Amino acid sequence: MEYDFDQVIERRGTDSMKWGAYAGDVLPMWVADMDFRSAEPIIRALHHRIDHGVFGYTQPTQTLRAALQDRLKRLYQWEIRQEEILFLTGLVSGLNIAYQAFAGPGDGILAQPPVYFHFLRDPVQHGRVLNDPPLARKGDTYEIDFEQFERAITGRTRIFILCNPHNPVGRVYTRMELEKIADICLRHRLIICSDEIHCDLVYAGRRHIPIATLAPEVADRTITLMAPSKTYNIAGLECGYAIIKNEDLRRTWKRTGYGIVPGVNIMGHVAALAALTEGQEWLDQVMAYLQGNRDFLDQYVHEHLPGIRMCRMEATYLAWLDCREAGIPGNPAEFFLKEARVGLNNGPDFGKGGEGFVRLNFACARKTLAAALDRMSAALHK
Ligand SMILES: Cc1ncc(COP(=O)(O)O)c(C=O)c1O
């Protein structure tokens, strides 16, 4: 079927985090979910389950595990066993299990800002020490400064948390980059916790490579976090998974999460299965639409937002905008909220290198995106 992503769906009054955070006249372009209806097979499967009317405890089925196995094999030639899949209600929980399972109080956690804030705040919240060599800005994109990366590792660093594709800079790391990362992590005996939640949202010309697929010895020290939540816009249904090949790591993971990590949500389970088995048609169409939005945004920024530069995007629907040359008085996110009534993510929340930047979520109808950009342009030209 053909999906209509131009349709504007009212989300105010639906307890949406994105739409409920600001006053009614603000266009919210921040938290990472889409304003689109999810795939019909997912909605159908949920209806079917609702109609059954009994919503007792649920366990992840072999069918769901098999669907994930098939997908990983098809996309990445990655063979995993069913017991290597550990279910989660969300990947932030997965990150926090990793911080506690594989690092003790005072141990170091390595991350590369600017990056998703749960990589930065949560380790510190748990009494771990953040080692945060920033990504290097190169023109309108970012690269890893491998010397700086390795220098940031201390005798107490235990985990590297990789964000691939990277939120917010939109990079999809190449095989060569991943190999260098893996080599450094293995030499320093770090655990790699690879958050690959955005792996399906990759634009033409790039290919996602799960770091665990590089070599068995890399897989042996890697926890891969994946989920259908961002891909199919089902984040509110809370279903994700950790893939852990190493049995000892798996045991430690389970022990840490015991009694804390709930089983899967019945609706999340149903939605995940439909997504993995019947979601491709929707995904192909949404990616084409998002690519159109990305290109529209890129051109708009270039033509109508003087002094702002958009980071080159290889993946995700989260644009990283450099406002440092735009002559904005004070903080750009506050400026656009006050003067344009557009709600953006505040750059400094992503750690080092975030000052003067904002993150803009363009997973919405093009009309909504255009309206937000017109407001931002008017505010800059006031
Ligand atoms: C890199 C990354 N990890 C995790 C999450 C959130 O995951 P969850 O909703 O499954 O906890 C996000 C959401 O934006 C993200 O960008």
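No experiment lies behind these values; they were computed from the predicted model shown. Numbering of ligands and ligand atoms starts at 1, following listing order.
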side-chain hydrogen bond (donor to acceptor under 3.5 Å, both in side chains) partner of Asn246, chosen from Thr222, Asp220, Thr252
Asp220
If you look at every heavy atom in Arg158 and Phe102, which pair is closest and at what distance?
CB-O, 3.3 Å
Enumerate the pairs of nitrogen or oxygen atoms, one from ligand 1 and one from the protein, separated by less than 3.5 angstrom; state names and distance to 0.1 Å.
residue: ligand 1; atom: 3 (N); partner: Asp195; partner atom: OD2; Å: 2.6
residue: ligand 1; atom: 10 (O); partner: Leu91; partner atom: N; Å: 2.7
residue: ligand 1; atom: 11 (O); partner: Leu91; partner atom: N; Å: 3.2
residue: ligand 1; atom: 11 (O); partner: Val92; partner atom: N; Å: 3.0
residue: ligand 1; atom: 14 (O); partner: Lys230; partner atom: NZ; Å: 3.0
residue: ligand 1; atom: 16 (O); partner: Asn167; partner atom: ND2; Å: 2.8
residue: ligand 1; atom: 16 (O); partner: His198; partner atom: NE2; Å: 2.8

Working for salt bridge (charged side-chain N to carboxylate O under 4.0 Å, His left out), residues Glu177 and Arg171
CA-CA 11 Å; Glu177 285 173 309; Arg171 282 296 319 279; 2.7 Å; yes
On the ring face of Tyr289, is Arg366 found with NZ or CZ under 6.0 Å from the centre and within 45° of the axis?
yes
Is NZ or CZ of Arg294 both nearer than 6.0 Å to the six-membered ring centre of Tyr203 and within 45° of the ring axis?
yes
Between Phe362 and Tyr317, is the ring centre distance below 6.0 Å?
no
